[in-house]
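Before any comments, here is the structure.
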Amino acid sequence: ITKKYPKIDSDISWMSEPRDSKPKISAKMAAPERVLPDKYLTSPTTVFGSAGHGDGKFQGPVAVAVVNNQLHVADYVNKRVCVHDINGQHSTSYNLSHGPLDIAVTADNNILITHTGRGLLVCDVSGSVIQQIGRKGEREGEFNEPWGVATDTAGQIYVCDHGNHRVQVMERSGSVVRVIGASGEGKLTQPWSVAIHPHTGDVYVTDAESVEIYTHDGRYKGHITSANIPGSSTFAPHYISFRRDGLLCISDKDSHCLHLLRDSVYIQRIGGEGAAPGQFSYPHGSVFTDAGDLVVCDYSNHRVQIFTSQ
């Protein structure tokens, strides 16, 4: 069932195009890019889903991706991906042989899905499997509990190889380009989720009690810890996502909330433990829509919540 909550209007700043004294060539002008506020309303505008196995139901939604303006929600226990429109209305589902753990979309609208079968699936928009990458193992190109998945503008695929304590960067063919966090400074212990900064290309990886940051080529750069989270002595980052302008969302599974940061500077906390709208029970994956709405998988409440910026 889709529940709609009142949406509060707010002022939006618009970027003006620079003046140009040169004569204009007859051409269609590009629309100015909308500038989104960093803070979000703490009450969701939309909540959809409830516990169950039928259409519009979830049993542990873990991750979500936007594909052709539709939400593809990874439904872990039900071993499927549920497709909803941007307002939460269910349209279809596609079944998997194993429980999905994360989902991402490539530039050509192929869907990447990690799952409990120790591999990475590449699917088309209908959910048909067109490729499987990797198998269980410890060598490069193999996985032991592949978890988070992301892709960059060059089409390279980043997979959190949770049980092997590393992130593998791969070509679509499955060949390994480099390995991140396997040793030395920035060594990973429990990599869960990975996201690529949309401007710098830096690689952000959630670990046991921190978010580790690496350059695009894998050099260690720093981290986000509880010291960056005001009023918190513990920090259990789980899933992570970026808005197109670089705003970072981290789901904190033990504190049952979301943290929003920009360049490691704290912006806002959303949620807390509970079942009311705007509260969470183990928040998992999130994604920002093209309009800037924040879509969050509320795992143990078996629902998805959508928040809009202030």
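Computation of the quantities below employed the complete heavy-atom set of this structure, encompassing side-chain atoms and omitting hydrogens, waters and symmetry-equivalent molecules. Counting from 1, the numbers follow the sequence of the chain as shown.
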### Query
To the nearest 0.5 Å, how far apart are OG1 in Thr225 and CG in Asp207?
12.5 Å
### Interatomic distance, Thr106 atom OG1 to Gln156 atom CD [nearest 0.5 angstrom]
13.5 Å
#### Entry: Under 4.5 Å side-chain linkage, directly or through intermediates, the cluster mates of Ile240
Tyr204, Val211, Ile213, Ile224, Ile229, Phe235, Phe242, Leu248, Ile250, Leu261, Tyr266
### Query
Under a 4.5 Å cut-off applied to non-hydrogen side-chain atoms, are Leu71 and Val83 in contact?
no
### Query
Given the rule in the side chain to side chain contact (heavy atoms under 4.5 Å, CB included) test, do Lys57 and Gln59 qualify, once you have shown the distances and angles that lead to the verdict?
CA-CA 7 Å; Lys57 305 283 188 177; Gln59 284 289 353; over 6 Å; no
### Message
Does either side chain, that of Ser173 or that of Glu171, offer a donor lying less than 3.5 Å from an acceptor on the other one?
### Response
no
### Query
Would you say the side chains of Thr308 and Thr45 form a donor-acceptor pair under 3.5 Å?
no
### Task
Quick one: sort the Trp147 and Trp192 rings into parallel, tilted or perpendicular, breaks at 30° and 60°.
perpendicular
### Query
Parallel, tilted or perpendicular for His90 and His84, by the 30°/60° rule?
perpendicular
### Message
If we ignore hydrogens and angles and just use 3.5 Å, is the side chain of Asp202 paired with the main-chain N or O of His197 as donor and acceptor?
### Response
no
### Message
Using modelled atom types and a 3.5 Å cut-off, is there a donor and acceptor pairing between side-chain atoms of Asn87 and backbone atoms of Gln89?
### Response
no
### Query
Is the backbone N or O of His216 less than 3.5 Å from a side-chain atom of Arg178, with the two atoms forming a donor-acceptor pair by type?
yes
### Query
Does any non-hydrogen side-chain atom of Val105 lie less than 4.5 Å from one of Leu112?
no
### Task
Kindly assign one of parallel, tilted or perpendicular to the pair Tyr282 and His256, based on the angle between their ring planes and the thresholds 30° and 60°.
perpendicular
### Message
Is it the case that the side chain of Ser251 and the backbone of Tyr239 share a donor-acceptor pair, with hydrogens and angles ignored and the cut-off at 3.5 Å?
### Response
yes
### Message
Between Val66 and Phe288, is there shared hydrophobic-cluster membership here, with clusters defined by ILVMFWY side-chain heavy atoms closer than 4.5 Å?
### Response
no
### CZ (Arg262) with more than 12 external heavy atoms under 6.0 Å
yes
### Summary
Exactly one of Asp252, Asn301, Leu258, Ile270 clears side-chain contact (heavy atoms from CB on, under 4.5 Å) with Pro283, and that residue is Leu258
### Query
Hey, what do you get for CG (Asp75) to CG (Leu96), rounding to the nearest 0.5 Å?
9.5 Å
#### Entry: Greater than 12 external heavy atoms within 6.0 Å of Asp263's CG
no
### Message
Under a plain distance cut-off of 3.5 Å, with no hydrogens placed, do Asn69 and Asp290 share a side-chain donor-acceptor pair?
### Response
no
### Residue Lys39 excluded, over 12 heavy atoms near NZ under 6.0 Å
no
Atom pairs and distances, side-chain donor-acceptor, residues 118-129, under 3.5 Å, sequence neighbours left out:
unit_1: Arg118; atom_1: NH1; unit_2: Thr116; atom_2: O; d: 3.0
unit_1: Asp124; atom_1: OD1; unit_2: Ser126; atom_2: N; d: 3.0
unit_1: Asp124; atom_1: OD1; unit_2: Ser126; atom_2: OG; d: 2.6
unit_1: Asp124; atom_1: OD1; unit_2: Gly127; atom_2: N; d: 3.1
unit_1: Asp124; atom_1: OD1; unit_2: Ser128; atom_2: N; d: 3.0
unit_1: Ser126; atom_1: OG; unit_2: Ser128; atom_2: OG; d: 3.3

### Message
Under a 3.5 Å cutoff, is there a donor and acceptor pairing between the side chains of Tyr76 and His284?
### Response
no
